[in-house]
Each structure stands twice: as structure tokens, then as C-alpha cells.
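None of the values given here were measured: they were computed from a predicted structure.
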Amino acid sequence: MEKSELSKAWSIDPRERIKALSELASGSVSISNGIPIKRYYRSGVELERMAKVYEDENNMEKAFFLYIKYTTLFVECLPKHPDYKSPQTSNERKVVRSKLKTIFDRAEFIKNNLTITYAGQHKKWIMEEQIRKAEAEQKRLEEEARIEAEAVAAKRAEMERRETELALELEQIEKQLEETRTIAVKASEKPVVLPPPIQRQATYPSLPVETPPIQSNTSIFNEAFNMTSPSAPPVVSNMSLPSAPSAPSAHIQIISDTGPLPTVDRSTKPAVPQIDRSTKPAALAASDMFAEMMTQDSQRAVIVPTSLPDKFLSVCLDNTQKNIETCGILAAKLTANNFTITHVILPKQRGTPDSCQTLAEEELFEYQDKLDLITVGWIHTHPTQSAFLSSVDLHTHCSYQLMLREAIAIVCAPKHNSTGIFALTDPHGLDSVSRCTKSGFHPHPTIPPLFEDCKHVKMDNNLTAQVIDLR
């Protein structure tokens, strides 16, 4: 798992993780009445074998998963098969019953170890989460301080800018006032030009009494009356000097609005968004996590030696020349969560130009059990046809793929010099074929397709496989 996935897994309560893993394993088991019950008994053998491999590799989650599948298959599901009480499988039932106690004990032992492991992981996650939260809080405080410092600096810069502007405006006003004073002084120094005096002539009323004219005084008298009184010097009144423009009131207001530097109230912290965990219960989260893990596991690689088809065809040459199909079992070793095909086993069989049926499978199983081999599919020839899966092939392969999701079908078509490696589409092809109750050759809908080229197969030029002919 990646670090984020590990963190998600470790955050879940250990009991919920165990419960989710158990439920996922149990829910992955189902049976089909159309598949021979012996196939399920054989599947149980290989489930136990794979579980032991995972246990040896210390992959306890997958080992526990397979042990739970084993117990679910034989305790809950297989008793519902119509052939469960058949006398022909009495030996298989006895073997399974004798193993169940051991399987239960192994599952319980691994469960306890997983619980301890999960508890340690959960505790570590809690500690790391506390550190993460503390670091996040520290970053938040540092960011808050940075924003505060930037705000103070921005306010100070704005104040300095305003003060500079105001100083320039005041300087401009002073210049205007100085110019006004200069104009006023020059105006007061200019001489005042007065209009000429108005000549007034005095007239008197005539007297009724006649008096003799006195010639000697007439000129003096007239001269006296023609004289003008001296005028007072002119008075310049109500002289108004141009007033200096007043400073804009807005600038005065700026001075009063500057105020002290801003401060940030640290007593109130911004609300931290809360995660609504009610929308994703721990059990559901654990179930989703393991479902994703097992989905990834369903794509375990099947490694096929590149020379395998040619080696198989060389053994089948006699049947191919007779236009008879030949089939074999693909047997593999499970290592590091990959299947590597090491053997192709040809059991006793009966073939026709378009079909092949295995016989004496007990001999085949005995050989596989000696080497702890796991069945990962089958291989067969189409002597005259191209490489594809016929309707009979679809049903044959369905039983393999229901037992093991990675199971493959290799079809060799020597006449067309081609080889195909196929699997049923999942879920459509697997579900459709498993529900089909028809036998022999019969038509199936082809849209959407029921089978496809395998995507999880890797060809390896450096490996080789043994071909074991038990016919």
C-alpha cells in the first residue's frame, strides 16, 4: 500500500478492521448448482494451500482472508449444494470435517495477531495525527502572524503615503498664501489717483432793500465765494484683500483618521472546519478499504513461460494430426502474490474434433498435491479452427474462473499458427455463463462480449514449464 492508503487503514479501529476483513471474505463465497461438487472440494484444497503460502510469506491479512473463505465455503455454502449428501463425496466430507477445526484455530490465531498488529498501527496513527495537528496549528499561527505583519506594514505604508501627500498639499497651500500676500503688498504701494474737485458756485437770495453797490468789496466778495474749501485726502474704505484658499477639509480628516496601528485579536481563533464522520462509519470505511485491496488482488499476475504453447503442441502433435483436441491443466506456484506457471499436466482424457473431456482427475490431483501446485486454468487445442472460446469452452472455463478469478484459458490453433489467452469478462461474462443451464454447443449473446484477452498475463522468455503427460 502507498503511504496515504496505510494512513487510512491505520486510522480505523482494529476491531472494525478485523470485522470488515471477515465480512468481505465471507461475502466473496458463492456456489453454483451447475458446477460439480467435487470442484468445490478441490477448490478448498487449493484455498488452504494458498493460505499457507501467504502465512509463510507473513502476509497475514491474505492468509486470514482465505481461511475465512474456506470455513464459509464448507460450513455455510456447500451444504446447500444438491449433491452435498451424495455417497460419492462422503470421503471428501470427512476430510473437510477433520480439517475445519485446524482451519478455525489457524484463523483465530491469525486474527489475534492481526488485532495486536492493528492496535499498534492505530496507536502509531494517533501519535502521528497528534504531531500532524500540532504542526498544522503551528503553521496556522505562523501564517496568522505573517498576515498580521503584512497588514501592519501595509497600514504603515499607507499612512506614510498619506502623510507625504498631505505635506505636499500643505506646501502648495503655503506657496499660494505667499503669492497672495505678495499681490496684496504690491497693491497697497500704488499711488491713489483722485478725481478733480467739483467747482461749486454759491448763490444767495436777493434782498428787497436796495443798497448802493460797493465797488471796492465786490471783487473780494466774489473772490471769497469762488474759493473752494480744501478737500480731505481720499479714504480708501472697505478694501478687501483676496483671501487665502482654505485647506481641504478631507485632508484635515485624514489626519484625524490615521489612528493607532491595527492589531489582531489573538484571543479569538478562526473556526477550524470539522469532519462529519457520521457520514462514513468506521465499519464502512474499513469495508471499502479491504474491498479495494481485494479488488487489486483479483488482478494478481499470471506469469506464463513464452515457450509453453509450443512445448504443449509438440506433445499434442499426434492428436492434432488426427484432428482431435487435447487439453491440459495449467499448474502454478504462488510467490509474492503472483502465479508462475511451472507445469502443464495432461490427465487421461477423451477427445473429439471439437471437445475434450478429462478422466481420472484423482491422479491429476495427487500429482499436484505432491508439488503443492495450484490450478490457474487450462490449455487446449483447436486442430482445425481459430483461437477462440466456443460455448462449451465458455462453460468449461467458467468453473475454473469461479474457483480462481485469475484463471486463464490458453487456446492453441496450429492450423492458423495462432494462440489466444482468454478469460470471461467480469462480471458480465462470468455471471451470464454461470446462470446458463444449457449444455453442449449452443448460442450465447455476443454483445457485450462474454470473454476477452487477458490483461493480467505476463509472458516470460527466461522461464520454462514442464509438460507432464499422465495419459
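Scanning all heavy atoms of the two residues, the minimum distance from E76 to K80 falls at O-CE, 3.4 Å. Scanning both residues, P383 and P353, for their nearest heavy atoms gives CD-O, 4.2 Å. Summarising the geometry of L114 relative to M60, their closest heavy-atom pair is CD2-CB, 3.8 Å, with the distance given to 0.1 Å. The shortest non-hydrogen separation linking L313 to C412 is CD2-CB, 3.7 Å. Scanning both residues, Q368 and I345, for their nearest heavy atoms gives CG-CD1, 3.8 Å. Scanning both residues, F388 and H382, for their nearest heavy atoms gives O-CE1, 3.1 Å.
Annotation: side chain of E16 is not in contact with side chain of H122 (no heavy-atom distance under 4.5 Å). Between L170 and E174 the shortest side-chain heavy-atom distance does not fall below 4.5 Å. Counting heavy atoms from C-beta on, the side chains of F422 and I408 never come closer than 4.5 Å. Side-chain contact check for Y70 versus K99: some heavy-atom pair is nearer than 4.5 Å. Put simply, the side chain of E137 reaches to within 4.5 Å of the side chain of R140, judged on heavy atoms. Two residues are said to be in side-chain contact when any heavy atoms from C-beta on lie closer than 4.5 Å; F65 and L21 meet this criterion. The shortest distance between side-chain heavy atoms of L404 and M50 falls below 4.5 Å. Within the 4.5 Å cutoff, the side chain of W125 has no heavy atoms near those of the I12 side chain.
Between the T164 side chain and the E160 main chain, a donor and an acceptor come within less than 3.5 Å of each other. Remark: the backbone N or O of V53 is not paired with any side-chain donor or acceptor of K62 at under 3.5 angstrom. Looking at H380, its side chain never comes within 3.5 Å of a backbone N or O of T326 through a donor-acceptor pair. Under the 3.5 Å distance criterion, the side-chain polar atoms of T375 are left unmatched by any main-chain donor or acceptor of A331. Counting only distance, with no hydrogens or angles, the side chain of E57 and the backbone of T335 share no donor-acceptor pair below 3.5 Å. Using a distance-only test at 3.5 Å, with no hydrogens or angles considered, no donor-acceptor pair links the side chain of H416 to the main chain of A387. Of the possible donor and acceptor atoms, one in the side chain of T71 sits under 3.5 Å from a partner among the backbone N and O of I68. A donor-acceptor distance shorter than 3.5 angstrom exists from the side chain of Q349 to the backbone of C327, with no hydrogens or angles considered. Using a distance-only test at 3.5 Å, with no hydrogens or angles considered, a donor-acceptor pair links the side chain of D393 to the main chain of S390. Without hydrogens or angle criteria, K348 side chain to L470 main chain gives a donor-acceptor distance under 3.5 Å.
The stretch residues 13-42 participates, sequence neighbours left out, in these ring pair (Phe, Tyr, Trp, His ring centres under 6.0 Å) pairs: Y41-F74. Each side-chain hydrogen bond (donor to acceptor under 3.5 Å, both in side chains) pair with one or both residues in residues 421-438, not counting sequence neighbours, appears once here: R405-D426.
For R49, the CZ atom counts as densely surrounded, since its 6.0 Å shell holds more than 12 non-hydrogen atoms of other residues, nucleotides or ligands. Around CZ of F109, the count of heavy atoms belonging to other residues, nucleotides or ligands within 6.0 Å does not exceed 12. The environment of R471 atom CZ is dense: over 12 non-hydrogen atoms of other residues, nucleotides or ligands sit within 6.0 angstrom. Within a 6.0 Å sphere centred on NZ of K311, heavy atoms belonging to other residues, nucleotides or ligands number more than 12. Other residues, nucleotides and ligands place more than 12 heavy atoms under 6.0 Å from the CD atom of E150. The number of heavy atoms from other shown groups lying within 6.0 Å of CG (N33) is above 12.
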| message | For K52 and D56: C-alpha separation, side-chain torsions, deciding distance, then whether salt bridge (Lys or Arg N to Asp or Glu O under 4.0 Å) applies. | response | CA-CA 6 Å; K52 288 180 178 178; D56 290 342; over 6 Å; no
| task | In sequence, state the C-alpha distance, the side-chain angles, and the governing distance for L66 and K69, and then conclude on side-chain contact (heavy atoms from CB on, under 4.5 Å). | result | CA-CA 5 Å; L66 293 179; K69 283 190 69 170; 4.2 Å; yes
| said: What verdict does the side-chain contact (heavy atoms from CB on, under 4.5 Å) test give for W10 and K123, after you've listed the backbone C-alpha separation in whole Å, the side-chain angles of each residue and the deciding distance to 0.1 Å? | reply: CA-CA 8 Å; W10 293 9; K123 184 178 180 180; over 6 Å; no
| query | Can you check side-chain contact (heavy atoms from CB on, under 4.5 Å) on Y54 and E61, steps first, answer last? | reply | CA-CA 8 Å; Y54 282 128; E61 280 183 343; over 6 Å; no
| What's the verdict on side-chain contact (heavy atoms from CB on, under 4.5 Å) for L330 and V344, showing C-alpha distance, side-chain angles and the deciding distance? | CA-CA 5 Å; L330 301 174; V344 179; 4.0 Å; yes
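The residues D83 and K38 are annotated as not salt-bridged, no charged nitrogen and carboxylate oxygen being separated by less than 4.0 angstrom. In this structure, E142 does not pair ionically with R146, as no charged nitrogen and carboxylate oxygen lie closer than 4.0 Å. The pair R132-E135 fails the salt-bridge criterion, with no side-chain N (NZ, NE, NH1 or NH2) lying under 4.0 Å from an Asp/Glu carboxylate O. One finds a salt bridge joining K322 and D318 here, because a Lys/Arg side-chain nitrogen approaches an Asp/Glu carboxylate oxygen to under 4.0 Å. A salt bridge links E46 with R42: the distance from a Lys NZ or Arg NE/NH1/NH2 to an Asp or Glu carboxylate oxygen falls below 4.0 Å. Salt-bridge annotation for E143 and K139: absent, with no side-chain N of the basic residue lying under 4.0 Å from a carboxylate O of the acidic one.
In terms of the ring pair (Phe, Tyr, Trp, His ring centres under 6.0 Å) criterion, residue partners of H444 (sequence neighbours excluded) are, by chain and number, H395, H442.
To the nearest 0.5 angstrom, E406 atom CD is 6.0 Å from H456 atom NE2. Going from atom CZ of F339 over to atom CG of L334 covers 5.0 Å, rounded to the nearest 0.5 Å. I379 contributes atom CD1, which lies 12.0 Å from atom SG of C356 (distance to the nearest 0.5 angstrom). Rounding to the nearest 0.5 Å places CD1 of I37 at 4.0 Å from CG of L78. Within the model, atoms NZ of K133 and CD of E129 stand 5.0 Å from one another, a figure rounded to the nearest 0.5 Å. T320 OG1 to K415 NZ: the interatomic distance, rounded to the nearest 0.5 Å, is 12.5 Å.
Side-chain contact of Y118 with D13: a donor-acceptor pair under 3.5 Å is absent, judged by distance alone. If you check the side chains of S86 and T89, you find no donor sitting under 3.5 Å from an acceptor.
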